[in-house]
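Just so it is clear, the values below take in all heavy atoms, side chains as well, and ignore hydrogens, waters and symmetry mates.
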Amino acid sequence: MKTNYEIRYAAHPEDAKSYDTTRIRRDFLIETVFAADEVNMVYSMYDRMIVAGAMPVKEVLKLEAIDPLKAPYFTTRREIGMFNVGGPGVVKAGDAVFELDYKEALYLGSGDREITFESKDAKNPAKFYINSTTAHCNYPDKKISKADAISVEMGSLEGSNHRVINKMIVNQVLPTCQLQMGMTELKPGSVWNTMPAHVHSRRMEAYFYFEVPEDQAVCHFMGEVDETRHLWMKGDQAVLSPEWS
């Protein structure tokens, strides 16, 4: 197996106004989330969130404590949320074993233990999309399916934003320290997943796009309300969204 990581530094919105396309993509876009038998991570200085992807094919992958964490285990002082967006997979956290099918989620609280990922079928490998934030206390591990989620239907086909928001790793479903995760599913014919555009000054976010056909792309808008920028993205890519964006 192989673990790759990079550090992304925070930017002031006044500075970001001068970024060209190359710089915007370099600082905010995460082009490679999944690679066979690799764990790829981006350690962001926005809220010290880690965005990662683990794709076990022929190997069992271990979630390693990268050097910037200065900890014996990845979850020594961190909590984790993940979604499986591939084939059936298995996550082991210490003595606990969790089987995750497509679009099922898992929350892992802080605490010292080894975490591994594996696929049930190498020809249809699991893809674990992962977010991690710092944690001030430990909460119980829990698997979350769409049946457990708080699902809200919003928008309309006429407005091209008919969608279902599945709130899965949120405080209404289970206790967490900082981490909140959900999954938005667009209805056929709709292309907007957040309208009207708005900002959350209390937090940063990371967006991950999947189920995007090979011959299609996503246009992700970011920036201040009066200084918008855009990023063209492929499927299985993620983007960092600062609190001012």
Side-chain angles (χ1 to χ4, degrees), residues 8 11 13 16-17 19-34 42 44 46-47 49 51 53 81-86 102-105 127 129-131 133 144-173 179-245:
R8 301 280 183 97
K17 290 179 182 180
Y19 291 178
D20 61 12
T21 300
T22 300
R23 178 69 183 276
I24 291 173
R25 294 180 69 85
R26 188 186 76 190
D27 283 13
F28 300 104
L29 178 64
I30 304 173
E31 294 193 74
T32 303
V33 175
F34 299 119
V42 168
S44 169
Y46 292 108
D47 294 342
M49 178 185 275
V51 178
M82 69 184 77
F83 281 80
N84 182 10
V85 297
Y102 187 59
K103 291 185 177 180
E104 290 188 322
K127 295 179 179 179
Y129 171 69
I130 302 162
N131 283 175
T133 54
I144 309 100
S145 68
K146 286 173 65 176
D148 304 313
I150 297 173
S151 297
V152 182
E153 190 167 345
M154 299 184 68
S156 66
L157 180 59
E158 292 78 10
S160 298
N161 69 335
H162 189 198
R163 64 199 188 276
V164 176
I165 299 175
N166 301 288
K167 302 176 183 180
M168 297 177 77
I169 303 178
V170 298
N171 291 131
Q172 301 98 313
V173 176
L179 189 64
Q180 305 278 280
M181 295 181 74
M183 176 177 60
T184 299
E185 296 176 297
L186 289 173
K187 294 291 187 177
S190 289
V191 294
W192 296 99
N193 73 334
T194 52
M195 284 298 284
H198 56 282
V199 296
H200 296 292
S201 58
R202 69 188 184 279
R203 66 177 185 228
M204 64 82 67
E205 295 179 281
Y207 292 93
F208 170 72
Y209 296 97
F210 68 108
E211 291 187 335
V212 180
E214 287 282 340
D215 60 346
Q216 296 182 25
V218 171
C219 190
H220 175 87
F221 293 94
M222 62 170 291
E224 294 178 280
V225 174
D226 58 352
E227 283 283 346
T228 56
R229 301 290 187 270
H230 68 273
L231 285 166
W232 283 105
M233 301 173 60
K234 298 178 180 179
D236 284 358
Q237 292 185 338
V239 63
L240 301 173
S241 179
E243 72 285 346
W244 46 263
S245 177

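- In this structure, the salt bridge (Lys or Arg N to Asp or Glu O under 4.0 Å) partners of E185, at least two apart in sequence or on a different chain, are K103, K146.
- A donor-acceptor distance shorter than 3.5 angstrom exists from the side chain of N161 to the backbone of S156, with no hydrogens or angles considered.
- Scanning for side chain to side chain contact (heavy atoms under 4.5 Å, CB included) contacts around E227 gives K17, E224, R229, with sequence neighbours left out.
- Residues satisfying the ring-ring contact (aromatic ring centres under 6.0 Å, His included) test with F83, not counting sequence neighbours, are none.
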Evaluation steps, side-chain contact (heavy atoms from CB on, under 4.5 Å), between V191 and L186: CA-CA 7 Å; V191 294; L186 289 173; 5.5 Å; no
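- The two atoms that bring A149 and M168 nearest to each other are CB-CG, 3.5 Å, heavy atoms only.
- Atoms CE and CD1, from M233 and I30 in turn, are 8.5 Å apart once rounded to the nearest 0.5 Å.
- F210 is not listed as a side-chain neighbour of Y129, based on a closest heavy-atom distance of 4.5 Å or more.
- To the nearest 0.5 Å, atoms OH (Y209) and OG1 (T184) are separated by 9.0 Å.
- Closest approach of Y19 and A11 over heavy atoms only: OH-CB, 3.5 Å.
- The CG atom of D47 sits 11.0 Å away from atom CG of L240, with the distance rounded to the nearest 0.5 Å.
- Using cut-offs of 30° and 60° for the angle between ring planes, the F221 and W192 rings count as parallel.
- Every residue meeting the side chain to side chain contact (heavy atoms under 4.5 Å, CB included) condition with P213, not counting sequence neighbours, appears here in chain and number order: D215, Q216.
- Proximity of L231 to M222: side-chain heavy atoms (C-beta onward) are separated by under 4.5 Å at one or more points.
- Other residues, nucleotides and ligands place no more than 12 heavy atoms under 6.0 Å from the CD atom of E214.
- Taking the six-membered ring where the residue is Trp, Y207 and H220 present tilted rings, their angle falling between 30° and 60°.
- When the salt bridge (Lys or Arg N to Asp or Glu O under 4.0 Å) test is applied to E31, the partners found at least two apart in sequence or on another chain are R25.
- Applying the salt bridge (Lys or Arg N to Asp or Glu O under 4.0 Å) test to D27 and every residue at least two apart in sequence or in another chain returns R23.
- Separating the NZ atom in K167 from the CE atom in M181 is a distance of 15.5 Å, to the nearest 0.5 Å.
- Every residue meeting the side chain to side chain donor-acceptor pair (under 3.5 Å) condition with S151, not counting sequence neighbours, appears here in chain and number order: N166.
- Checked against side chain to side chain contact (heavy atoms under 4.5 Å, CB included), T133 has the following partners two or more places apart in sequence or in another chain: M49, E79, Q178, L179.
- With sequence neighbours left out, R26 forms a salt bridge (Lys or Arg N to Asp or Glu O under 4.0 Å) with no residue at all.
- In this structure, Y46 has no ring-ring contact (aromatic ring centres under 6.0 Å, His included) partners at least two apart in sequence or on a different chain.
- Taking CD1 of I165 as the start and CD of E153 as the end, the distance is 10.5 Å to the nearest 0.5 Å.
- Closest approach of V51 and A238 over heavy atoms only: CG1-CB, 4.3 Å.
- Atom-to-atom distance recorded for I150:CD1 and N171:CG is 10.0 Å, nearest 0.5 angstrom.
- Residues meeting the side chain to side chain contact (heavy atoms under 4.5 Å, CB included) test with E104, sequence neighbours left out: L100, D101, K143, S145.
- Contacts classified as side chain to side chain donor-acceptor pair (under 3.5 Å) and involving residues 234-245 (residues at least two apart or in different chains) are given here: K127-D236.
- Aromatic ring pairs are classed by plane angle as parallel below 30°, tilted from 30° to 60° and perpendicular above 60°; the pair H230 and W232 is perpendicular.
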